Amino acid sequence: MITEMNNMERVFGRPESLRPVSTHYCPGCGHGIVNRLVAEVIDELGIREQTIGVAPVGCAVFLYNYLNVDMFEAAHGRAPAIATGCKRVHPNMTVFTYQGDGDLAAIGTAETIHAAARGENITTIFINNATYGMTGGQMAPTSLVGQKTTTSPTGRKIERAGYPIKMAELLATLDGPAYISRVSVSSAKYVVRAKQAIRKAFETQIKGLGYSLVEVLSPCPTDWHMTPAAAIEWLEENMLPHYPLGEFKVPQEAR
Amino acid sequence: MITEMNNMERVFGRPESLRPVSTHYCPGCGHGIVNRLVAEVIDELGIREQTIGVAPVGCAVFLYNYLNVDMFEAAHGRAPAIATGCKRVHPNMTVFTYQGDGDLAAIGTAETIHAAARGENITTIFINNATYGMTGGQMAPTSLVGQKTTTSPTGRKIERAGYPIKMAELLATLDGPAYISRVSVSSAKYVVRAKQAIRKAFETQIKGLGYSLVEVLSPCPTDWHMTPAAAIEWLEENMLPHYPLGEFKVPQEAR
Amino acid sequence: MDKRFMTGNEAIAEAALQAGCRYYFGYPITPQNEIPEYMSRRLPEVGGTFLQAESEIAAIYMVYGASGSGARVMTSSSSPGISLKQEGISYIAAGELPCVIANIMRGGPGLGGIQPSQADYFQAVKGGGHGDYHLLVLAPSTVQEAVSLTMESFDLADKYRNPVMLLGDGFIGQMMEPVVFEKRPAVSLPAKDWACTGAKGRASNLVKTLNLDPAELEKHNIKLYEKYQKMRKDEVRLENYLTDDAEVVIAAYGSVARIAKTAIQALRQKGIKVGMIRPISLFPFPYQAFADIAKRVKKILVVEMSMGQMIEDVKLGVCGAAQVSFYGRVGGMVPSYEEIVAEIEKLVKVAP
Amino acid sequence: MDKRFMTGNEAIAEAALQAGCRYYFGYPITPQNEIPEYMSRRLPEVGGTFLQAESEIAAIYMVYGASGSGARVMTSSSSPGISLKQEGISYIAAGELPCVIANIMRGGPGLGGIQPSQADYFQAVKGGGHGDYHLLVLAPSTVQEAVSLTMESFDLADKYRNPVMLLGDGFIGQMMEPVVFEKRPAVSLPAKDWACTGAKGRASNLVKTLNLDPAELEKHNIKLYEKYQKMRKDEVRLENYLTDDAEVVIAAYGSVARIAKTAIQALRQKGIKVGMIRPISLFPFPYQAFADIAKRVKKILVVEMSMGQMIEDVKLGVCGAAQVSFYGRVGGMVPSYEEIVAEIEKLVKVAP
Amino acid sequence: MSNSEKKERRAGIVINEDYCKGCGLCLSACPQHLIKIEESVSAKGYYPAAFVDPEAKCTACALCARMCPDVAIEVFKAKNKVGGNE
Amino acid sequence: MSNSEKKERRAGIVINEDYCKGCGLCLSACPQHLIKIEESVSAKGYYPAAFVDPEAKCTACALCARMCPDVAIEVFKAKNKVGGNE
Amino acid sequence: MERKSICTNVIMAGFGGQGLMFIGKLLAYCAMKRGLNVTWIPSYGPEMRGGTANCTVVISDQPIGSPVITSPDALIIMNNPSLEAFEPRIKTDGLLFINNNLVTCQIKRKDLQVISVPANDAAVEAGEKKAANMVILGTYVARTGILTKEDVAAGFKEFFGAKTEYLASNMQALEKGMSYA
Amino acid sequence: MERKSICTNVIMAGFGGQGLMFIGKLLAYCAMKRGLNVTWIPSYGPEMRGGTANCTVVISDQPIGSPVITSPDALIIMNNPSLEAFEPRIKTDGLLFINNNLVTCQIKRKDLQVISVPANDAAVEAGEKKAANMVILGTYVARTGILTKEDVAAGFKEFFGAKTEYLASNMQALEKGMSYA
Ligand SMILES: Cc1ncc(C[n+]2csc(CCOP(=O)(O)OP(=O)(O)O)c2C)c(N)n1
Ligand SMILES: Cc1ncc(C[n+]2csc(CCOP(=O)(O)OP(=O)(O)O)c2C)c(N)n1
Ligand code: SF4
Ligand code: SF4
Ligand code: SF4
Ligand code: SF4
Ligand code: SF4
Ligand code: SF4
Ligand SMILES: [Mg+2]
Ligand SMILES: [Mg+2]
């Protein structure tokens with residue numbers, strides 16, 4: 001078949017900033033899609049050599065094995081602080097964090113809110129998969145009401161565990177952020193939009209406009225105990241209604 | 001003069017829940033007013049023996065010397081977590097925290113947001129004096145743009161230190177809180193409203209409706225380097241425009 | 001008694017329940033997730049509260065709040081998470097609040113790995129937090145012992161109004177073994193009349209750690225110190241394993257001690273008389289046992305899953321009276337009994 | 001050289017600036033607020049960055065980020081704040097990131113007090129965080145020494161790719177003394193080719209601490225260990241004060257050592273020959289100096305503003321060869337020279 | 001209201017010198033301007049506030065007391081009268 | 001579009017078996033239903049996806065590739081043609 | 001192999017989803033029910049799913065010292081990488097159980113007793129294609145004589161609370177496996 | 001008091017706002033400028049404003065050992081609570097400077113040299129009513145002979161960058177104070 005394609009031109013393939021290695025993600029995991037989107041944006045903007053990434057503690061911890069840019073591995077939740085330290089030293093680099101919902105919305109809440117409030121000129125890619133993937137599927141701050149996880153075995157109960165947090169909406173109320181949006185990777189159409197959002201976030205930073213964040217709704221088939229296809233479906237049926245997609249804050253100049 | 005009042009009735013005096021001791025607060029400090037308001041509300045609701053308070057690390061650390069209720073002294077920023085532990089053990093007690101802006105909006109951001117998001121059935125009295133009073137007047141997350149503090153000696157600069165955080169507005173976007181309002185103690189009129197808000201917050205908890213918070217704009221003449229009167233004026237001229245007073249969230253049933 | 005087949009983590013959780021613990025606050029981290037997961041299932045069944053905190057820091061202060069409210073409460077975590085709790089642990093010790101903290105250690109430093117380790121010994125016994133305080137630190141070496149020490153921990157915590165740390169390595173947490181849950185005899189414990197429960201019919205209570213008057217703070221420190229002295233006197237726990245006729249003694253705790261037992265059996269079959277002192281309480285440390293053994297045995301091999309931490313306490317006990325050697329594996333690597341055999345053989349070969 | 005009259009805190013900040021530190025991340029806490037306050041004034045003047053973090057935890061990870069980006073960077077705090085940084089410190093040590101951390105100790109545990117203390121010794125030297133790592137720990141005893149040790153700290157940090165802790169008590173921070181800022185000779189230091197600066201014209205760099213393969217993590221631990229061994233060999237710093245003819249020796253560090261000096265002068269006037277070993281580097285600890293002195297001097301008095309922490313290291317050095325006694329004040333109480341004189345007199349009176 | 005004849009006192013305040021720190025917030029709060037700061041220092045080292053109401057203008061409105069951060073002010077009122085308080 | 005005569009291949013995809021984990025997301029993404037899961041296990045232990053397009057219906061829309069979490073799909077297209085991609 | 005003083009151990013290794021942890025626990029549980037001392041230790045790869053996994057089971061009528069085994073008495077191997085990782089560690093004359101439907105690499109050592117089982121095929125035959133793990137467990141227990149089919153059935157039911165149909169097919173797989181001993 | 005081998009120390013204590021920290025620093029700074037070794041140590045009450053405060057100054061031509069002084073050579077006392085706190089600590093025959101405008105309590109010890117200064121009154125006279133601290137510093141330096149008025153003036157200007165008018169009135173207060181020595 002490869003020979004069959006020989007006289008054709010490649011219209012889609014692995015972005016250059018993404019190393020030619022297999023990932024450790026489970027089959028059907030949304031992280032893989034978003035890793036690629038970030039690499040594509042870095043390629044398109046031509047900033048591979050001017051980019052410094054911060055990987056989270058979470059399933060995406062090995063992001064540095066995939067992206068071919070300088071990278072930090074953060075402590076759980078502290079990526080925004082690390083990115084801040086880095087950005088202050090290298091104001092001309094494009095500095096981004098990539099974080100899960102446990103990482104960003106639980107243990108890292110303060111670091112997230114304050115990087116945003118400072119208008120720290122960094123970009124955050126926030127993977128909301130409504131669970132703690134890496135540690136085996138515990139309840140996340142973004143787990144839905146009624147969602148069964150290993151630490152909400154009978155489903156998340158409001159009385160005990162409270163309400164799922166909408167980080168994009170929360171952050172958009174602050175003065176610091178320039179760009180905040182929520183996207184999904186549950187269909188190819190959404191994936192295209194997700195990439196546009198990520199690009200916009202990086203561009204916001206490059207223009208020096210301040211903090212940018214893209215929340216990505218992303219399936220975790222393993223910890224949801226579903227097939228990849230079922231996970232996509234569950235995401236669209238359950239997460240989309242609670243976590244509406246859209247732009248919650250756009251840069252002044254782009255309004 | 002006391003004799004002169006002898007045949008009159010006392011229409012205003014020290015609330016019972018407030019111990020008859022002199023405070024360590026500086027002259028003209030807003031903490032004193034709010035301490036009294038909390039005591040008045042406890043008296044009016046008749047809940048002195050069913051109340052457990054959590055004092056912050058900040059100028060109000062000695063709150064437990066003034067309020068005659070069971071109390072915890074928290075670690076800096078952790079009052080909401082302590083109150084959560086306490087409330088879960090004593091669901092029928094009225095549990096409140098009293099916190100400064102450094103305590104609540106800086107180091108304690110995560111604990112605050114998550115207690116609120118959980119709809120933890122506790123009440124928070126949040127003293128926003130736009131500075132770290134106890135440690136000598138450093139910049140707080142709520143310090144205004146341009147405000148001179150010991151760590152923003154040329155005035156708070158957005159480029160370096162970002163934007164002041166409006167906690168009441170931020171928290172009101174969450175699903176967990178039942179009652180969120182902002183009041184001021186810069187005039188007797190406002191003080192009356194402040195007390196109403198504090199009462200409403202406590203009542204919200206007693207009715208079991210969820211998290212309640214009252215943000216109180218409060219003068220810190222010492223660290224603002226002003227006379228008490230000038231501090232009041234500065235508050236009204238500078239803080240009120242940035243931190244509008246009002247109710248940002250009211251209980252469902254009370255709407 | 002019914003034997004149950006459980007992981008150490010589950011057994012610790014169940015033992016806590018049976019010891020009357022009704023409040024658990026924690027945050028996920030490998031290799032101890034089975035504790036919160038078990039608690040999230042079981043606590044609501046017995047009318048207790050499981051709450052997954054937003055962070056390890058929030059968790060330890062929820063423990064502070066629940067303990068200060070008079071409840072039996074626990075938290076658990078693993079190395080990086082325990083580091084985050086250090087401020088809170090110092091506060092809890094300062095405030096004299098009883099609670100149980102399990103640390104199922106993993107390889108460090110930093111994010112490290114998720115395999116078993118014993119490299120948080122110093123943190124646990126010398127005080128990873130600030131100020132002069134101590135935890136009571138207990139180190140089980142079997143799942144069954146994890147059960148009995150967990151139960152005992154709650155009593156000790158209440159008895160001394162002091163936090164107790166259950167220090168396990170990843171093996172203790174994730175290994176499955178048969179366990180029996182025996183009812184513990186009821187212990188008479190001091191009333192918690194200091195706790196915040198609402199100031200009804202009594203003067204108000206206060207849980208605090210601030211003492212701006214140095215003389216007062218010194219007094220408080222001395223009070224704490226006297227408590228630790230009492231623990232040193234009354235709470236030392238250790239196992240002497242074949243030390244009576246031993247010519248060489250191994251010092252090891254936790255799961256390393258089990259591996260050492262297999263090594264000792266193998267060595268004794270070869271005719272080398274080896275014994276072991278296994279500290280069960282790491283604080284208070286059994287210094288005297290080492291001082292005593294050093295009168296008779298001239299070679300002590302400390303085996304740890306660390307670069308050498310407990311060895312300092314062994315040396316403080318031995319106080320120059322015997323030669324103290326070390327064998328350690330780290331980062332999730334485990335000393336095999338064959339390696340221990342080889343180390344001992346090396347040791348006995350060289351003249352003292 | 002111009003003499004300046006400064007608090008220790010200000011002097012540390014200025015020394016850091018002069019040593020090329022251009023990034024400071026911190027959070028207010030008494031008694032070290034003059035460091036961030038000074039930095040907030042001066043750093044912008046020299047093109048550097050001062051940032052008041054939202055917490056001590058954020059501050060230490062900003063340091064992680066700035067150090068990993070190749071910059072000279074510092075943070076400072078006091079006891080409770082340092083406890084909060086323990087996870088981050090373990091990460092920084094694991095990631096081999098050079099930086100300087102000042103701990104201006106106050107009375108603990110818990111919120112404690114704001115007066116001087118030395119009760120964070122264990123935390124600093126044994127590792128308050130998880131895993132096998134060490135900080136280089138330096139303890140100045142005058143404001144002038146605070147200046148020189150601060151400057152040196154940055155070089156040592158870069159030389160070893162290791163965090164350095166400047167361990168001062170509240171006196172060192174808040175005392176004012178004359179100081180001279182001498183230019184330090186330039187030291188040749190390894191290039192920071194491992195730092196994240198953008199992967200231009202080279203393979204990408206990675207700052208990390210995770211090693212899921214235990215064999216790899218063990219290797220990394222051994223690599224760190226060898227670094228600590230090198231420090232133990234090359235970086236021991238101490239002051240011998242009148243030890244040559246001494247019959248009794250005091251062990252003390254930081255401002256307690258100054259007080260001890262006054263005591264020693266008073267004692268010598270009374271004809272009692274007392275000397276002092278003052279560890280300047282607490283890690284690496286001058287064990288050998290104590291081993292050596294113990295061959296000759298049979299009584300050693302350790303004086304600390306704690307319930308007794310450094311005494312364990314002194315004992316490990318002495319190894320049973322001399323009697324080691326302790327005198328301590330805590331919680332912000334300070335041993336006066338008169339008290340030390342009395343302790344020594346007691347000591348020399350009793351037959352050994 | 002601005003009846004300046006000598007009236008019977010129907011309301012008044014008592015300032016507790018042990019509590020008063022002389023901040024002066026009660027001064028600005030009193031609509032009748034009935035409070036001044038003493039010239040001499042108190043035992044606590046402050047210049048305390050004093051109630052000066054020769055014309056018995058005090059209405060027991062308690063605005064002074066509500067602003068007092070040190071709960072130094074007690075407000076009194078003749079019994080069985082309807083007044084502007086609470 | 002549903003012209004089922006044998007056409008000249010003007011577009012197609014290549015699935016890299018080293019990357020493919022057989023998640024099947026590409027299957028649902030392909031509007032032409034040109035992808036199926038293999039019956040046999042790959043060297044990595046997965047049942048990988050396979051491109052089955054005997055009728056040359058592939059439009060190089062790349063929807064499959066965009067959904068592939070493992071970047072296992074490359075999309076090709078005959079040169080010098082205007083198409084529905086990007 | 002006769003049962004005298006019982007003291008044996010086995011490492012089981014394969015891909016994440018192959019159910020090796022399960023049969024390890026089952027073996028240990030059943031042995032416990034037979035009155036023996038047992039330990040079961042898992043070892044996973046990275047913190048996420050997939051990858052390789054293995055567990056160690058020690059069974060003894062004496063108190064168990066080391067639950068960690070460098071040189072096991074027996075190995076159950078369900079994929080190629082595990083063969084590579086563990087083959088060098090097994091004892092001389094040790095029992096090497098391999099699933100020859102998946103393990104295609106050459107066994108290098110000549111000093112081992114190799115028991116080669118077409119576990120996947122056998123599972124399909126037994127009507128429960130996911131039960132390759134049960135097949136090889138069957139071979140192991142039969143060969144070592146450590147447990148009977150009834151022991152396993154009882155343990156299966158009790159510990160894992162399995163539904164009866166599910167149990168039946170798994171027992172068939174087990175039996176099938178026993179025939180390869 | 002003659003200057004031979006200089007080695008002296010003083011504790012200054014009073015309310016938070018009385019400027020004792022300031023004159024302590026000033027004294028130390030001026031002594032440093034004269035080539036002496038000095039230490040200055042503050043001690044505050046709680047972390048907030050107000051309350052009592054004190055500082056200790058040690059001046060010596062030798063390297064200074066202990067900057068902490070249990071029994072000071074001299075005391076400057078500006079309020080009653082401080083008298084109570086520090087009177088028992090001063091050396092026998094020590095110099096006790098008190099501001100008799102504020103210190104009304106009885107001095108109990110009989111073994112001290114008490115120098116009683118109406119510092120507030122003198123400050124008012126000097127035209128700078130806030131300069132009671134400078135008055136008593138003047139008395140202290142004159143009595144001990146440790147510094148001249150010019151030493152203080154130079155230090156004031158250099159270290160605190162004071163405006164000239166401000167300096168002048170403070171110097172007048174200082175001079176006034178010297179007259180009480
Ligand atoms: C301080 C600390 N606490 C906890 C952990 C354990 N831990 C690792 S990843 C993780 C959560 C991951 O969840 P999330 O951030 O949502 O990322 P995901 O894996 O879902 O992508 C946790 C709790 C840790 N490594 N460090
Ligand atoms: C962990 C920790 N960090 C820092 C401090 C020091 N500290 C005490 S109070 C305070 C800030 C107080 O400011 P705020 O919360 O605004 O209260 P205020 O005094 O203004 O009422 C700080 C930083 C501390 N005690 N503990
Ligand atoms: S556990 Fe979930 S988030 Fe993690 S790699 Fe697997 S599917 Fe992705
Ligand atoms: S410093 Fe400010 S907040 Fe603190 S007591 Fe004084 S005036 Fe009040
Ligand atoms: S009660 Fe009203 S009128 Fe009377 S003194 Fe107070 S403020 Fe003035
Ligand atoms: S408001 Fe209170 S403290 Fe302030 S001056 Fe008036 S009475 Fe005194
Ligand atoms: S490129 Fe489009 S048509 Fe072709 S296989 Fe992929 S999804 Fe189907
Ligand atoms: S989406 Fe990718 S990984 Fe998944 S089956 Fe298709 S080609 Fe394979
Ligand atoms: Mg997640
Ligand atoms: Mg404040």
Side-chain angles (χ1 to χ4, degrees), chain A residues 76-78 80-81 84 87-88 91 101-122 139-145 156-178 180 208-211 242-243 248-249, chain B residues 76-78 80-81 84 87-88 91 101-122 139-145 156-178 180 208-211 242-243 248-249:
Chain A
H76 191 38
R78 316 307 174 191
T84 296
K87 183 76 182 186
R88 296 289 173 127
D101 40 10
D103 192 83
L104 179 140
I107 193 171
T109 307
E111 286 76 7
T112 301
I113 300 261
H114 283 272
R118 277 195 305 270
E120 203 68 49
N121 194 24
I122 58 172
M139 195 188 74
T142 55
S143 294
L144 298 176
V145 173
R156 180 177 188 154
K157 302 245 182 318
I158 293 170
E159 317 84 71
R160 290 190 205 141
Y163 296 83
I165 300 188
K166 298 177 188 171
M167 284 306 291
E169 285 86 338
L170 188 74
L171 292 167
T173 65
L174 293 168
D175 290 328
I180 304 276
L209 302 176
Y211 183 79
H242 186 77
Y243 296 113
F248 297 92
K249 197 155 188 194
Chain B
H76 191 37
R78 315 308 173 191
T84 296
K87 182 76 183 186
R88 296 288 174 129
D101 41 8
D103 193 81
L104 180 140
I107 193 169
T109 307
E111 286 77 6
T112 303
I113 300 261
H114 283 273
R118 276 195 306 271
E120 203 67 49
N121 194 24
I122 58 172
M139 193 187 77
T142 54
S143 294
L144 299 176
V145 173
R156 180 178 186 154
K157 302 244 181 321
I158 293 171
E159 318 81 74
R160 288 189 206 142
Y163 296 84
I165 298 188
K166 298 176 189 172
M167 283 308 288
E169 286 85 336
L170 187 74
L171 291 167
T173 65
L174 292 169
D175 291 327
I180 304 276
L209 302 175
Y211 183 81
H242 186 77
Y243 295 113
F248 297 92
K249 197 154 188 194

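Quick caveat: nothing in here was measured; it's all calculated off a predicted structure. Atom set for the values below is all heavy atoms of this structure, side chains included, hydrogens, waters and symmetry mates excluded. Numbered from 1 within each chain, the chains take letters A, B, ... in sequence-line order.
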Chain B contact residues among residues 161-168 of chain A, heavy-atom distance under 4.5 Å: Ala161(A), Gly162(A), Tyr163(A), Pro164(A), Ile165(A), Lys166(A)
Best-contacting candidate, Thr173(A), Leu170(A), Leu171(A), against chain B by heavy atom pairs under 4.5 angstrom: Leu170(A)
Toward chain A, the part of Ile158(B) with a non-hydrogen atom under 4.5 Å: backbone
In a table with atom names and distances, give each donor-acceptor pair under 3.5 Å that connects a side chain of residues 106-115 of chain A to protein atoms at least two apart or in another chain.
residue, atom, partner, partner atom, Å
Thr109(A), OG1, Ala105(A), O, 2.9
Thr109(A), OG1, Ala106(A), O, 2.5
Thr109(A), OG1, His114(B), NE2, 2.8
Glu111(A), OE1, Arg78(A), NH1, 3.3
Glu111(A), OE2, Arg78(A), NH1, 3.0
Thr112(A), OG1, Leu104(A), O, 3.1
Thr112(A), OG1, Gly108(A), O, 2.9
His114(A), NE2, Ala105(B), O, 2.7
His114(A), NE2, Thr109(B), OG1, 2.8

Chain B contacts, top residue of Glu120(A), Glu159(A), Arg160(A) (heavy-atom pairs, under 4.5 Å): Arg160(A)
